[in-house]
Amino acid sequence: MPTIKDILAKMNKLAPTQIAYSWDNVGLMVGDPEWQVKKILLTLDVTKAAIEKAIAEKADLIVSHHPFIFRPIKSVTDPRIIKLIENKIGVISFHTNLDLVNGGVNTALAQKLELCDLEPLTHESGTEWLKFELYVPESHLENLRNALIAARAGRIGMYDNCSASWEVEGRYKPLAGSNPFNGTAENISAEKEIKLEFMAEAFRRSAIETTIKSNHPYEQPVYTITKVENPVPTYSLGIIGSLKEPLTMLEFGAKVKDKLSAKHVRLWTAGRDGDDLISRIAVCGGS
């Protein structure tokens, strides 16, 4: 039977908590990661009614979009927290990380509204973009490259396995006490090497460095890491898409109401006529 930890790990593959904005609070809010999970309740907010529903349905875990605990607490007196713990119900909240990821909130809204030709609205996120450069003997290139891909290096937007490589000559002099892959101590060696370059999110840095050291044949692998100023293209806050056929603003407002099963919608026309035709829509479900 899966545990809360298992559910959290699966969700992290879709929307890593590390990409959430710094002001946000995401992840496990309440509960023991080892608690077992048979049934999950999904909700926008962890309200009193949602907790009562979870208890009635014998749910073991609540997954919410808005953070259940947003600011630090100094004492555990909230009746909702107490009731959750008493009933052994955990809470996971995925907020801006679920807004930012492809396949998350904005993707769901765009698909629900039947938009096509989807493009990112903005690539801002809570993580930075890094460029890695390293040198490796050709004999070990593919093994190392595959290990790096498994560590989620080389993911750029909707493309995976992205890297560049070319042949270079490496020169070095092993000092006394070293254990060189090739060459002998106190003698300068010149070796054919491959320079490998790839990109990765900053929160993957530790795993990538561990992968390099574990799969590189050199006693001292040579690599550099550079912060890149352009944003990470893998994530986007909001989506721009096109309607299959132009609609008036009033017709599109009715479509939103119908597709989202909303009792009411609010339409601001920006001073334009409600009968004006529109075809290009921006969707932004967060921030």
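Sequential numbering from 1 along the given sequence is applied to the chain's residues.
Pairing each heavy atom of Ala15 with each of Val101, the nearest pair is CB-CG1, 3.8 Å. A pairwise comparison of heavy atoms in Leu144 and Thr211 identifies CD1-O, 4.1 Å as the closest pair. Among all heavy-atom pairs drawn from Asp6 and Met1, the shortest one is OD2-O, 4.5 Å. Minimum heavy-atom separation, Ala50 to Thr43: CB-OG1, 4.0 Å. The two residues Pro221 and Ile212 come nearest to each other via the heavy atoms CB-CG2, 4.1 Å. Contact record, Ala20 with Val26: CB-CG2, 3.8 Å, taken as the closest heavy-atom pair.
Classification of the Phe198-Phe132 ring pair by plane angle, with boundaries at 30° and 60°, yields parallel. Ring geometry for Phe181 versus Tyr218: interplanar angle of 30 to 60°, hence tilted.
Crowding of Trp166 atom CH2: a count of heavy atoms from other residues, nucleotides or ligands under 6.0 Å exceeding 12. Counted within 6.0 Å of CD on Glu245, heavy atoms from surrounding residues, nucleotides or ligands total 12 or fewer; the atom is thus considered open. The 12-atom threshold is not exceeded at NZ of Lys5, counting heavy atoms of other residues, nucleotides or ligands nearer than 6.0 Å.
Residues Ser189 and Arg171 bring no donor and acceptor atom of their side chains to less than 3.5 Å of each other.
Between the side chain of Thr184 and the main chain of Asn187, no donor-acceptor pair closer than 3.5 Å is present. Not a single donor-acceptor pair under 3.5 Å links the side chain of Asp45 to the backbone N or O of Thr47. A donor-acceptor pair is defined here as one N or O able to donate and one able to accept, closer than 3.5 Å; no such pair exists between the side chain of Asn12 and the backbone of Ala9. The closest donor-acceptor contact from the side chain of Glu219 to the backbone of Asn179 lies under 3.5 Å. Between the Thr234 side chain and the Gly157 main chain, a donor and an acceptor come within less than 3.5 Å of each other. Between the side chain of Ser178 and the backbone N or O of Leu175, at least one donor-acceptor pair lies under 3.5 Å. Side chain of Asp60 to backbone of Lys39: a donor-acceptor contact under 3.5 angstrom is found. Not one N or O on the side chain of Asp276 forms a donor-acceptor pair closer than 3.5 Å with the backbone of Gly274. For His216 (side chain) and Tyr135 (main-chain N/O), a donor-acceptor pair under 3.5 Å exists by modelled atom type. In this structure, Asn87 contributes its side chain and Ile89 its backbone to no donor-acceptor pair below 3.5 Å.
Electrostatic pairing of Lys53 and Glu57 counts as a salt bridge here, judged by a charged N lying under 4.0 Å from a carboxylate O. Checked for salt-bridge contact, Lys192 and Glu138 miss the test: no charged N lies under 4.0 Å from a carboxylate O.
Taking the side chain as every heavy atom from C-beta outward, Ile194 and Val168 never approach each other to under 4.5 Å. Taking 4.5 Å as the limit, some side-chain heavy atom of Ile278 sits within range of a side-chain heavy atom of Ile281. The shortest side-chain heavy-atom distance between Tyr172 and Ile188 does not fall under the 4.5 Å cut-off. Ser64 places a side-chain heavy atom less than 4.5 Å from the side chain of Ser93. In this structure the side chain of Cys284 reaches within 4.5 angstrom of the side chain of Leu121, judged on heavy atoms. Counting heavy atoms from C-beta on, the side chains of Tyr21 and Ser125 never come closer than 4.5 Å. You'll find the side chain of Ile4 reaches within 4.5 Å of the side chain of Leu28, heavy atoms only. Arg204 has its side chain out of reach of Thr127: every pair of non-hydrogen atoms, C-beta onward, lies at least 4.5 Å apart.
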Side chain to side chain contact (heavy atoms under 4.5 Å, CB included) between Ile156 and Trp129, intermediate numbers included: CA-CA 10 Å; Ile156 303 178; Trp129 199 216; 4.0 Å; yes
CA sep, side-chain torsions, deciding dist, call: Asp78, Ile73, side chain to side chain contact (heavy atoms under 4.5 Å, CB included): CA-CA 10 Å; Asp78 187 332; Ile73 57 177; over 6 Å; no
Criterion salt bridge (charged side-chain N to carboxylate O under 4.0 Å, His left out) on Lys244 and Glu114, from CA distance to verdict: CA-CA 8 Å; Lys244 295 176 182 177; Glu114 300 176 330; 5.4 Å; no
Derivation and outcome, side chain to side chain contact (heavy atoms under 4.5 Å, CB included), residues Met11 and Val63: CA-CA 10 Å; Met11 292 177 65; Val63 174; 3.7 Å; yes
Check against salt bridge (charged side-chain N to carboxylate O under 4.0 Å, His left out), Lys83 and Glu86: CA-CA 5 Å; Lys83 184 166 284 190; Glu86 285 177 341; over 6 Å; no
Audit row: Glu209, Arg205, salt bridge (charged side-chain N to carboxylate O under 4.0 Å, His left out) steps and yes/no: CA-CA 6 Å; Glu209 288 191 88; Arg205 175 174 177 168; 3.1 Å; yes
CA sep, side-chain torsions, deciding dist, call: Thr96, Asp24, side-chain hydrogen bond (donor to acceptor under 3.5 Å, both in side chains): CA-CA 7 Å; Thr96 51; Asp24 203 4; 2.6 Å; yes
Audit row: Glu119, Arg280, salt bridge (charged side-chain N to carboxylate O under 4.0 Å, His left out) steps and yes/no: CA-CA 11 Å; Glu119 299 176 3; Arg280 200 82 170 125; 3.4 Å; yes
Side chain to side chain contact (heavy atoms under 4.5 Å, CB included) evaluation trace for His65 with Asp99: CA-CA 9 Å; His65 182 45; Asp99 291 325; 3.3 Å; yes
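The CD1 atom of Ile225 lies 10.5 Å from the CD atom of Glu133; values are rounded to the nearest 0.5 Å. Atoms CG and CG, from Leu243 and Asp117 in turn, are 10.5 Å apart once rounded to the nearest 0.5 Å. Atom CD of residue Glu142 and atom CG of residue Leu196 lie 9.0 Å apart, to the nearest 0.5 angstrom. Atom OG of Ser163 is separated from atom CD1 of Ile149 by 6.0 Å, given to the nearest 0.5 angstrom. Between the CG atom in Leu84 and the CZ atom in Phe68 there is a gap of 5.0 Å [rounded to 0.5 Å]. The distance from the OG1 atom of Thr226 to the CD atom of Glu229 is 11.0 Å, given to the nearest 0.5 Å.
Connection of Val136 to Met199 is not established within any shared hydrophobic cluster, with ILVMFWY side chains joined at heavy-atom distances below 4.5 Å, either directly or through further cluster members. Met29 and Ile82 fall into different hydrophobic clusters, where Ile, Leu, Val, Met, Phe, Trp and Tyr side chains are chained together by heavy-atom contacts under 4.5 Å. Hydrophobic cluster membership differs between Leu44 and Ile62, with clusters built from Ile, Leu, Val, Met, Phe, Trp and Tyr side chains linked at under 4.5 angstrom.
Screening Glu201, Glu124, His123 for a side chain to side chain donor-acceptor pair (under 3.5 Å) involving Tyr235 leaves a single residue, Glu201. Residue Val46 forms a side-chain contact (heavy atoms from CB on, under 4.5 Å) with just one option from Ile69, Leu41, Ile51, and that option is Ile51.
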